[in-house]
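Reckoned from all heavy atoms, side chains included, excluding hydrogens, waters and symmetry mates.
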Amino acid sequence: MADTAKQSNEKPLCVDFSRPGLCAQTRPMSCTINGQVVALDKKYWSQLLVSITEWLIVEKNSYLDDLDRQPIHGSKVLLMSNKSSFGNCSQLSNGKWIYTNYNPQAIVKIIGNLCRHCGVDLDKVVITYMPKNEFNLCNERNITSSTETNTDISDNVKAAVISILEERFPNGIRSNSTIDINKLKNFYREVIGKEISPEIKIPLLLNIIGIRHGDKVFVISSSGKKGLIELINHLVAGDHRVFYYDEFYDIHTDYMQEIHIFSAELLKTVLISFLPSLHYSRVYFSVTSSVSLESEVLRCYETAVCLSFEQLKEKLPYAPLDKIKQVLAQNSYYIWVRKGVYTHTSKLEIDKDEQQAIGWKIEEEIADHGYISLTTIDVLDNLGLNPEMSETAVKNGLFQVCFADQYEKRGNIITSKGTSLDSVAVFKDYCLTHDRLTLDQLMRFEKEIYGRVHSRSLFVAYDTMIRTDKDTFVSDYKIRFDTDTIDNALDLFVHRDVIPLQAVTSFTSFPYIDGYKWNLYLLESYCKRFSKRFMYQCLSVNSMNVGAVFRRSAGFEDYLDVLATAIAVSNIELNDKVVGDYLFEKRYVAQRTSAVSKVVAKARVLREGRI
């Protein structure tokens with residue numbers, strides 16, 4: 001109850017389906033789904049569950065058919081053929097029975113599960129509620145169950161109180177606060193010259209003349225109401241259809257504050273009261289339930305082939321830029337043209353002959369190799385038909401329109417549907433079919449497969465080729481290593497079990513290799529795959545000659561053991577900072593690592609074992 005009361009003081013009491021526990025000890029007040037009001041005769045959660053189910057029945061929601069045999073909460077089915085022999089039940093208009101003997105938080109879970117099952121977006125299910133203690137004081141405006149009506153209070157009293165609220169309570173009045181109510185009575189006496197009638201229930205009066213938001217009641221002047229409605233109508237007439245509350249409030253902050261609307265949350269409450277015909281969801285409102293940000297972004301492309309983020313934002317000023325970007329990123333029919341610019345597949349002109357040729361090539365390559373790279377596909381004719389689009393956009397658009405129903409695309413690699421791509425095998429095949437590869441070629445090929453570079457191709461290249469310098473890998477047959485002579489040369493540097501790779505500072509004792517000069521990259525490849533007595537390891541594959549050379553006879557289990565041994569034989573102090581600095585400065589690691597504490601612990605054990 002404390003959590004609920006706290007929430008009431010901070011923001012509107014609107015159901016958060018991810019936190020049903022907040023609804024304990026509360027009463028539901030109103031409900032809209034897809035902007036339609038769901039009638040709630042009695043303010044009980046059980047009644048709300050029945051009302052929402054009836055709404056789905058009226059809407060002829062086909063997903064309800066499963067719920068006489070499929071439970072959505074616990075083991076009990078939602079729609080029962082017969083009334084349960086225990087607990088409370090209600091009979092629905094379709095003749096089925098629904099069990100309602102649950103606490104509020106359980107019913108919120110059931111409503112959430114029911115809406116998800118029936119394909120109803122929870123963002124479009126708006127349920128308001130209030131703590132029971134507030135409910136006992138007053139009810140929502142226009143849905144009060146009190147037998148008193150507006151006629152019980154004179155228009156003069158209402159007008160006087162409205163005037164006082166506008167002037168003295170611009171930030172709202174707490175209808176359950178004795179202090180606020182007494183202030184209102186004092187102001188009334190000052191203005192009118194007499195006490196307000198003790199027969200008037202002020203909390204009820206406030207709900208009649210104002211708008212409840214959280215634990216406060218607000219009054220918007222008639223001129224403020226008129227101006228706000230005119231503003232909305234003007235924007236809708238100007239072809240704006242979707243309005244996120246935060247964006248709307250930010251754009252019109254000065255006017256909102258002028259009419260005493262001090263937050264986007266209050267704006268939502270006010271709009272629902274003033275313009276009930278609009279559609280309201282959790283974060284935005286729109287002209288109808290069929291209008292969404294997705295439909296509005298698509299509408300922007302009716303008059304343009306390519307649009308940048310900035311152009312879309314200009315066309316949709318009341319939508320957050322991050323939400324616009326999300327629509328573009330999550331819908332495969334929007335195609336990336338270049339940085340910050342997208343097109344839609346509906347704008348793509350297609351050359352049918354070239355489309356057929358591409359289809360044949362995809363089929364042949366997948367039959368022979370299991371995949372094909374989108375970058376190898378020729379789209380010259382289609383590119384000519386779409387001068388505003390980049391080659392990448394044309395290729396991706398063609399795939400999406402013409403081939404996505406037959407094939408899958410991961411990054412730039414196309415495979416048959418349902419086929420898992422073995423990226424290691426792809427990289428290995430790529431390396432083994434080349435006598436020489438540059439680092440740039442490897443990175444570009446990896447980008448073709450994944451859409452970006454993760455250095456996975458480097459792992460495979462090191463396992464299948466020999467790195468001769470920073471930029472070049474060659475096939476194994478290009479170099480023949482004299483392992484005994486090379487290992488003898490390494491013996492001159494590896495006095496103990498471990499050294500950093502960069503400790504090898506001279507190659508004068510290393511044997512001549514025809515066509516290649518010794519360097520740390522070549523030495524790294526040699527130790528990694530060819531040496532009989534030495535090995536090379538690092539924390540992560542890199543192009544900075546970072547890592548360690550160590551004797552195979554040391555029998556290290558992992559690289560942390562290698563590092564711990566290097567630290568144990570040094571004379572440095574065993575604390576995380578000193579050890580971390582040492583490993584970084586000696587180039588055992590490329591950057592300071594969180595694993596240093598484990599290295600310190602292992603090194604301490606090794607040192608103690610030698611004493």
Side-chain angles (χ1 to χ4, degrees), residues 422-443 445-446 453-494 496-563 565-566 587-590:
D422 184 349
S423 59
V424 172
V426 172
F427 287 141
K428 187 173 181 179
D429 177 70
Y430 181 71
C431 290
L432 292 176
T433 54
H434 288 78
D435 290 340
R436 181 181 182 277
L437 283 172
T438 66
L439 183 62
D440 182 60
Q441 286 176 307
L442 278 171
M443 296 300 101
F445 183 67
E446 183 171 346
V453 174
H454 299 275
S455 295
R456 295 176 186 175
S457 58
L458 268 181
F459 284 102
V460 179
Y462 268 116
D463 287 339
T464 54
M465 304 183 82
I466 300 170
R467 192 171 192 175
T468 59
D469 56 44
K470 183 175 182 179
D471 298 314
T472 312
F473 289 81
V474 299
S475 294
D476 286 1
Y477 80 88
K478 293 280 187 179
I479 298 176
R480 290 194 177 276
F481 291 113
D482 181 348
T483 56
D484 290 336
T485 305
I486 297 170
D487 282 355
N488 287 337
L490 273 173
D491 261 328
L492 300 175
F493 293 92
V494 188
R496 295 178 177 176
D497 284 337
V498 182
I499 62 168
L501 176 67
Q502 292 188 22
V504 180
T505 55
S506 171
F507 292 97
T508 55
S509 57
F510 284 71
Y512 172 76
I513 297 178
D514 186 24
Y516 301 94
K517 291 183 178 181
W518 276 103
N519 56 60
L520 293 176
Y521 295 100
L522 185 55
L523 180 61
E524 180 182 329
S525 275
Y526 169 77
C527 292
K528 194 173 182 69
R529 297 178 51 221
F530 300 95
S531 175
K532 296 176 182 177
R533 284 181 270 164
F534 299 95
M535 289 185 69
Y536 164 85
Q537 279 191 15
C538 56
L539 273 182
S540 59
V541 66
N542 65 86
S543 297
M544 299 177 290
N545 303 132
V546 172
V549 175
F550 56 93
R551 296 184 184 277
R552 289 179 181 270
S553 59
F556 298 124
E557 291 187 3
D558 55 34
Y559 194 56
L560 292 186
D561 281 351
V562 175
L563 297 179
T565 299
R587 307 309 285 153
Y588 281 107
V589 295

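The structure places SG of Cys538 at 12.0 Å from CZ of Arg587, a figure rounded to the nearest 0.5 Å. With values rounded to the nearest 0.5 angstrom, Thr468 atom OG1 is found 7.5 Å from Arg436 atom CZ. Between the CG atom in Asn545 and the CG atom in Leu523 there is a gap of 9.0 Å [rounded to 0.5 Å]. The distance from the CD1 atom of Ile513 to the CG atom of Asp482 is 9.0 Å, given to the nearest 0.5 Å. We find the CD-CG distance between Gln502 and Leu520 to be 6.5 Å, quoted to the nearest 0.5 Å.
Judged purely by atom type and a 3.5 angstrom limit, Arg467 has no side-chain atom pairing as donor or acceptor with the backbone of Phe473. Here the side chain of Asp469 pairs no donor or acceptor atom with the backbone of Tyr521 at under 3.5 angstrom. Between the side chain of Trp518 and the backbone N or O of Ser506, no donor-acceptor pair lies under 3.5 Å. Under a 3.5 Å cut-off, the side chain of Ser475 and the backbone N or O of His434 do form a donor-acceptor pair. Under the 3.5 Å distance criterion, the side-chain polar atoms of Glu524 are left unmatched by any main-chain donor or acceptor of Tyr536.
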Show which side-chain atoms of residues 486-494 pair as donor or acceptor with protein atoms under 3.5 Å away, not counting sequence neighbours.
| unit_1 | atom_1 | unit_2 | atom_2 | d |
| --- | --- | --- | --- | --- |
| Asp487 | OD1 | Tyr526 | OH | 2.7 |
| Asp487 | OD1 | Ser531 | OG | 2.7 |
| Asp487 | OD2 | Ser531 | OG | 3.4 |
| Asp487 | OD2 | Lys532 | N | 3.2 |
| Asp487 | OD2 | Arg533 | N | 3.2 |
| Asn488 | OD1 | Arg533 | NH2 | 2.7 |
| Asn488 | ND2 | Asp484 | O | 3.2 |
| Asp491 | OD1 | Arg551 | NH1 | 2.9 |
| Asp491 | OD1 | Arg551 | NH2 | 2.9 |
| Asp491 | OD2 | Arg533 | NH1 | 2.5 |

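Nearest heavy-atom pair, Ser457 versus Glu446, reported as atom, atom and distance to 0.1 Å: OG-OE1, 2.7 Å. Smallest separation of non-hydrogen atoms from Cys431 and Ala461: SG-CA, 4.0 Å. Between Phe530 and Ser525, the shortest heavy-atom distance links the atoms CD1-O, 3.7 Å.
Contacts of Asp514 classified as salt bridge (charged side-chain N to carboxylate O under 4.0 Å, His left out), with partners at least two apart in sequence or in another chain: none.
Inspection of the Tyr477 and Asp435 side chains reveals an N or O donor paired with an N or O acceptor under 3.5 Å. Between the side chains of Thr565 and Arg496, no donor-acceptor pair is found at a separation under 3.5 Å.
Side-chain atoms of Asp463 and Lys528, non-hydrogen and from C-beta on, do get closer than 4.5 Å to each other. When side chains are defined from C-beta on, Phe459 does not count as touching Val424, because their heavy atoms never get closer than 4.5 Å. Between Leu458 and Leu439 the shortest side-chain heavy-atom distance falls below 4.5 Å. Side chains of Val562 and Tyr559 form a contact here, defined as non-hydrogen atoms less than 4.5 Å apart. Using a 4.5 Å heavy-atom threshold, the side chains of Ile466 and Leu522 count as touching. Here the side chains of Gln441 and Tyr430 are in contact, with some heavy-atom distance below 4.5 Å. In this structure the side chain of Leu442 never reaches within 4.5 angstrom of the side chain of Phe427, judged on heavy atoms. A heavy-atom distance below 4.5 Å is found between the side chains of Lys478 and Tyr516.
Using bins of under 30°, 30° to 60° and over 60° for the plane-to-plane angle, the ring pair Phe550/Phe556 lands in the perpendicular bin.
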